[in-house]
Every structure is written in C-alpha cells, then in structure tokens.
Protein chains: 4
Amino acid sequence: MAKQPDPSRRSERSRQAVLAAARELVTEVGYAKLSIEAIAARAGVGKQTIYRWWRSKGAVVFDAVLTLSEGDDGMALPDTGDIEADLKTVMRATVAEFADPGFEAPIRALNTEILQDPELAALYREKVADPVDEAKKARLRSAQQAGQIAADADLDLALELLYAPLYQRWLLRSGPLTADYADALVELALKALRPA
Amino acid sequence: MAKQPDPSRRSERSRQAVLAAARELVTEVGYAKLSIEAIAARAGVGKQTIYRWWRSKGAVVFDAVLTLSEGDDGMALPDTGDIEADLKTVMRATVAEFADPGFEAPIRALNTEILQDPELAALYREKVADPVDEAKKARLRSAQQAGQIAADADLDLALELLYAPLYQRWLLRSGPLTADYADALVELALKALRPA
Amino acid sequence: MAKQPDPSRRSERSRQAVLAAARELVTEVGYAKLSIEAIAARAGVGKQTIYRWWRSKGAVVFDAVLTLSEGDDGMALPDTGDIEADLKTVMRATVAEFADPGFEAPIRALNTEILQDPELAALYREKVADPVDEAKKARLRSAQQAGQIAADADLDLALELLYAPLYQRWLLRSGPLTADYADALVELALKALRPA
Amino acid sequence: MAKQPDPSRRSERSRQAVLAAARELVTEVGYAKLSIEAIAARAGVGKQTIYRWWRSKGAVVFDAVLTLSEGDDGMALPDTGDIEADLKTVMRATVAEFADPGFEAPIRALNTEILQDPELAALYREKVADPVDEAKKARLRSAQQAGQIAADADLDLALELLYAPLYQRWLLRSGPLTADYADALVELALKALRPA
DNA sequence: TTCTAAGCGAGACGGTACGTCCAGTCTTAAA
DNA sequence: TTTAAGACTGGACGTACCGTCTCGCTTAGAA
C-alpha cells in the first residue's frame, strides 16, 4: 500500500507558493499550456511537493481557484424585498467578474478540468456549487413567501433558467455579456416564475 | 511562404481513417489522453498526413465530431402546429443522444476544446451552432405567427432559456437528464415566452 | 564552521544496522543501484544518521566491507619454510573467497568506489592494502633469507607479479579463477624471483 | 515485442556529437557525475536519441572510448627480433598514455563500467581486449620461435604476468607509473618466461 | 510511356513535460 | 543532543508525445 504523507507536517509556505504560481500561470499562458514543472519552478518548490499533495494539474488549479473565492463562503444574496432588483444586482456582478481576465482565466481553466474529470466535478459541486446554489435558493424561497414567485415552482429548475443562459454565453462566448443582457435575462426568466 | 497542400490529391481513405480513429480513441481513452501519435498509429497513417490537413488535435476531433452529425445539415425541426409538443420532442431526442456514450464522449471532447480555443469556437458556431440555431428560431418564429409565443420575444434569448439549462446540466453533470426533465424545462420556459 | 558530531554519543546499534543493511543491499541489488535511502529504510535508521557519520555512499560501503575482514588485521601468512607451498595456500584461499557471492559483491563494490575516489583509495591503501602487503612482504623476506628468493629482488614488484594477475582476472572476469590457476601463477612468478 | 530502430536511418551527425560530448564530459566531471541529460544537452541532441541507440550510460561511454582507439584495430606490435626491447617499447607507450588525462579519464570510466556490467565486459573483451591480446600473443609466439621464450610457456598467463601489474598499479594508483617501472617489470617478467 | 512532383506510411530527429526516485538538508517529537 | 521519521528543494531518470524532417513508395497528370 502506498504511503500517505502527514498533513500536519505540510509546509504552508509551499502550499501558498504553489497556488499563487498556478493562478499566475493560468492567467499568463492559459490552462492548456500550464505545466506542473512551470508551477514548481515559479513557486520555488520541488515537483515532488506538488505530486505529494495534489493528484493532478487539475487539482492544483481547482485549489488555486477556490482560494480566489475564499471568504465568499457564508455569502448571502441581497434581499431588499424586490426579487427582480436583487437578481439583477447579482447577475450584473457576475457579468462584471467574467470581464476581469484575472478571474476569467482561472475560472475557465477550472471549468475545463471539471468537464473532463467527474471526480473533480463532484468535489466542485460539493465545495462550491451546492453552497452557492443553496444561498440562491434561499433568496428565491424568500420571494416565494413574498408572493413574487409561484409557490409550486421547482427551485432547482428556476435556478437553471436564471443562470444557465449566462453561464453558456460566457463558456461558449456565444454572445455579448453585458449588464443589459443580465437585466433582460432576469426579466424573461421571472415571467416563467411568477405566480399564475 | 509555406507550401500549401493540394486538396485535390488528398487521400480520402486516409481522411476517413483518421477521423474514425479519432472518434474511437476519444471514446476509449478520453480527450485529455488522446494523442496525435495514437490516432496516426490506429489509422495506419503517417503523422505528417495529419499535420498536413489539420492544425491541431482539437481540429481533428472537431472534424471527427462533425462527421457524426453530417446529414443533419438541412435539418428542420418538426412543426405539428403545437410548439410545446414539438419542443418536447426535440429536447427528449437531445437527452437521448447525450445518454449514448458513443456520442457523448466525442461531443464532450469537442466542447472541452472549444472552451479553450476561441478560433475553433468561432468555427463551431459558424458551421454547427448557427445553422442549428437558425432552424430552431425558424420554428419559434412559426410559433409566433401562430400566436403561441409573444410577438416581441427576443428569439436568441428564448433559445438560451430553452436550451442552456439542458446544456449546463449535461456539461457539469449537475443533475439527471431525463425525458421528464426535458418536459418540465419546456413547460417552464414557455411560460416566459407566451403572449401576455 | 560546521558542527562536528560527538562520536562518544554515537549509537552503536545504528552503526551496526547501517553496515549490515549496506552489506545485504550491495549483494542483493548491486552497488550501482544501492541508495542511501534504501540503506536507511532497511536499517530502520534516519537518513540524517547516515549523513552524520559517513561522507558518501562509498564511505558506507567501504566501512561495511572492512567489517567483513575485521579480525584479519594482525594476520600473518603461513610460514612452513616452503615459499611455493605457502603462496599456493594463500592464493587458493583468495580464489575461494572470490567464489563466494557474499564476499564477492561487496568487495567488487568497494573496488568500483576506490577506482573513482582517490581519497577513498588512499584510505583503503592505508587501512587495508598496506598492512596486508606488509605481511606478504614479511613472508617474502623470510624466503629471501632462506635463499628461495633472490636477495636483490624488489619485493613490491614481486608482490605485483604474484597478485596482480589474479586480481585482474577477477576484476575483469577475463578467465576462470581456479585452484589450478593459482598454482600455475605461483609457479610461473616464482621462476622470476628465484636466485640466479 | 519492443520495436527495433532502423540503423540505416541513423543520424551519423548525432552519433558523433553524442560520443564527442560523452568523451568531453567524462574528462570534465568524471564518470560518476556524468548524466545522460548533460550528454544530450552538450551534443544538442534529444535524450530519446541516446536511449534509442544505447542501452545505458555505460554503453555510451564504452562506444565513446572505443572511438578513441579506433584504427588501432589491425595493430601489430613491433618486432625487432629482441622481445625485451619490443616489450619495453610497448609498455613505456602504455605508461605514457595513462599519463594523458584526455585518455586516462575515459578509460578509467570504461573500466568502472565494465566492473559492474558483465555484459559490457564481455563486449569489451570481444571488441577490444581479445584482438589486442591476440596481437600481443603473436609477438610472444614469434619470440618463442626465436628461442627467447620457453616453448612450453602458457601465453595467456605470460600476458597477465607482463601486463596485470601495470594495469593494477594504474587502476588502484598504488604506485608511480614511469618508464623505469615499465622496464623493470618487463625484465622481471621475462625471467619467468625464458627457456630453462 | 516515361517523367516528375505530390501525397503517402514510416519513423528518426531536437525538444518539453511527464511522474518517479533519490540526494542531501531541514524540522519535529520521543528518548 | 542524538535519534527515527519524513517533508523539503532540486536534479536526473527513462518514457511519451510534440511538431518537423527525411526517407522510399505509390500515384497522378504533363511531357
């Protein structure tokens, strides 16, 4: 059986250096041309240290991207009482984030990796997607109680209706990503969700 | 200046062999572990023959996947006069396709490549996405004329509302892809699109 | 200045374990594939303990081999009064030693190391070769006094004439190493050494 | 079964560059610190090109050293009619060669490798040692016919008596290697070989 | 019909990166 | 303070592919 490393002896300095190097290099050269060797060199770390703590290039990038959004964990969506206004706020913010190459490149890399690696995808859902989705559904539930959304709406499907078009447009670059687009999307999707 | 190969002398036999090998190997080992060398070996073809006619691994897979859907080109969506029924038919068919690993693997590979390569993405939109979208929009327009969809609806956005949730669920494996799901999605999205 | 370890606090148990492990591993995997790490693991010893007390892999093997021949130190050659018979006895014994893989492998390893490392070679001559040669020369001197060897013979050269052919044959595996060979060699070399 | 490379397509330029680099590096850094990677870099050659044509570092050095002595193949020893004078000529030349670091380092490396690798040792005997020994024995035979060496002398043993002391002294650096030493060795060994 | 120029299968080439092993140093906890 | 344990940086290993570059060998038209 393979020997397991002892996490209590892990060098925090090395961990940080690797994640920082990964983030920088993804932005600089793109995910496809990213190499473990380059990360190690940039981080001033032996390759073995990377292989000891991460099982693949994808796993490193995954962790690197997670540290970007650390602190967002306990995030709650705005709740002004107006679901439409609140959703527009959130969607416009998302659009803005995607416009920043410093965020865009690593997140695109993460998505590429998730597409090909179901195990990583599951981890992503567990650590990132599910908590965020839960927060979003909490806001929708609040809107249901306020009578702004149909009481019998399937909130998972509602979430997809609201967010999937934006995600797809970004991922496939199939159209402009603007604040106007965010607004139009929210307005249209809400039509489907309002009480009869 | 670089010499251009003469397409009239191209070996059709080699072309077919390469595309078939690419399709098989994508299914067998996945896109990430796919190598030009392996494709050449499997196809019984020199590496140079691949490099002569395709500019990258992505381009080969791109072509390989296109040949899968060849013949769908002039495809028109069913038009029974009932937009809801017709959309459900189409969406259920899409769900079924994604369940077949022989289709799923190459198409996923294609999406991975498109994510990282804007040039390939543009080609994909031009050759595949746009024609298909145009056919779908034609059906929606017909529904508008029949008064089943609001006359002022933005058809591009409508398309996204209908298809993006399905696409996202498949790509991220974020939920089950069933006929019921297709139906529910169509019903919900249409609520947003019907005349006021 | 580098800190010197205090030999009085050295663990004899660790020292023995390291030397034993080195001897075993040289025999099992050969000198070239021998690693400090493997010696430490086999000996149940930290790597640092080895680096603290030996300056190189060669030095460990050197010590390991020395312990093999410990006790031979004050060795005197047999002196029956018949130089030819006595030399044959000694040479046949040497031949027999070389046939035992438990001796052969470490000694070959030692020779390999000595070839490349003049410092180790000097240490070897001082600790091992010179005392042994002195004992041999003592026996030759006794033969000179008995008139069996020319009074003006150069004993260093005489030693080489007697032993180098055997050594070379073993080292290069350039011919069979048998008791007969030992006898023939002694007889021939003695022809050169007898009084005129 | 492993694929065999086709020697007819081998690049002579690469072969020469690798051997030259190996020779240079052995002299510069020594055999122990010699790395395939460094040879490849110095030769401006891919590592695979080395691994394709040689099975180990030792094999490269072996070939590199062989090219040093290429042309000596059909070498015949001098035959002036005086075996003592001729042997002294040859032995003094050998001593001189060993004094040249450009020869000494690679040849020492070769010997180190041969010690550890019986397969290489066999190849060495076949390609180098045996032909040379045959030439030497031819000269000894000629001396036998001239009555300068006993008719019943074992020429293999005679060769060892003459050359092994020199070889051992060089290999173990156990004494000075001078023209005087060569002369003394020849004189002493010949005493054992002359007719009774 | 022969010539010639292209594409072809094959595979060697200079390289980059892989994932592994080990060297030699450093840190921790136990004795 | 020494020790066993083992994480660390770093360098080399031997392998897999990259994309380029010859090789001979078909296989067309053009001469």
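Note on naming: letters A, B, ... go to the chains in the order of the sequence lines (proteins, then strands), and numbering restarts at 1 for each one.
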### Query
Please give, in whole Å, the distance from E:dG19 C1' to A:Ile50 CD1?
12 Å

### Message
If you count heavy atoms of other groups shown closer than 6.0 angstrom to CZ of B:Arg13, is the number above 12?
### Response
no

### Donor-acceptor under 3.5 Å (D:Arg125 side chain, C:Arg173 main chain)
yes

### Task
On DNA chain F, check which nucleotide each of C:Glu12 and B:Ser35 is closest to and give me the residue with the more 5' one.
C:Glu12

### Task
Go through the N and O atoms of the side chain of C:Lys47 and the base of E:dG24, and report whether any donor-acceptor pair is under 3.5 Å.
yes

### Summary
Here the distance between atom C1' of E:dA23 and atom CD1 of C:Ile39, to the nearest Å, is 12 Å

### Task
Calculate, to the nearest 0.5 Å, the distance between atoms CD1 and CG belonging to D:Ile36 and D:Leu25 respectively.
11.0 Å

### Task
Give a yes or no on whether the backbone of C:Gln116 and the side-chain of D:Arg108 come within a donor-acceptor separation of less than 3.5 Å.
no

### Message
I want to verify a distance call: between F:dA5, E:dA12, E:dC18, whose nearest atom is closest to the C:Gln48 side chain?
### Response
F:dA5

### Query
Which residue, C:Gly46 or B:Ser56, contacts DNA chain F at a nucleotide closer to its 5' end, judged by nearest heavy atom?
C:Gly46

### Non-hydrogen atoms of C:Trp54 and C:Asp63 that approach each other most closely
NE1-OD2, 2.9 Å

### Message
Under 4.0 Å, heavy atoms only, any strand: does A:Thr49 hit a base, just the sugar-phosphate, or nothing?
### Response
base

### Task
Counting heavy atoms from C-beta on, name the nucleotide in F:dC17, E:dC18, F:dA12 closest to the side chain of B:Glu37.
F:dC17

Between the protein and nucleotides 29-31 of chain E, which nitrogen or oxygen pairs are less than 3.5 angstrom apart?
none

### Summary
Whichever of B:Asp6 and A:Leu34 has the more 5' nearest nucleotide on DNA chain E, that residue is B:Asp6

#### Entry: Close side-chain approach of B:Arg52 to B:Thr49, heavy-atom, < 4.5 Å
yes

### Message
Using heavy-atom distances to pick each residue's nearest nucleotide on DNA chain E, tell me which of C:Ile36 and D:Arg13 is more 5'.
### Response
D:Arg13

### Distance-only donor-acceptor test, A:Arg9 side-chain atoms vs E:dT27 base atoms, 3.5 Å
yes

### Task
Please check the phosphate of F:dG14 (OP1 and OP2 only) for any side-chain N or O of D:Trp54 closer than 4.0 Å.
no

### Query
Is there a side-chain contact between C:Tyr124 and C:Leu120 (heavy atoms, below 4.5 Å)?
no

#### Entry: Length of the line joining C:Arg55:CZ and E:dT25:P, which is rounded to integer Å
13 Å

### Task
Over all heavy atoms of both residues, which pair between A:Ala40 and A:Gly46 is shortest? Give the atoms and the distance, please.
CB-C, 4.3 Å

### Summary
D:Tyr51 atom OH is separated from E:dG15 atom C1', nearest whole Å, by 15 Å

### Query
Of the nucleotides E:dC8, F:dG14, F:dA12, which one has an atom closest to the side chain of B:Trp53?
E:dC8

### Task
Look at all strands and tell whether B:Ser14 reaches a base, only sugar-phosphate, or nothing, counting heavy atoms closer than 4.0 Å.
sugar-phosphate

### Task
Whole angstrom is fine here: how far is it from CZ in A:Arg15 over to P in F:dC8?
12 Å

### Message
Any base atoms under 4.0 Å from C:Arg10, or only sugar-phosphate, or nothing? Heavy atoms, all strands.
### Response
sugar-phosphate

### Query
Taking the side chain of B:Arg52 as its heavy atoms from C-beta onward, which of F:dT9, E:dC8, F:dT15 lies nearest to it?
E:dC8

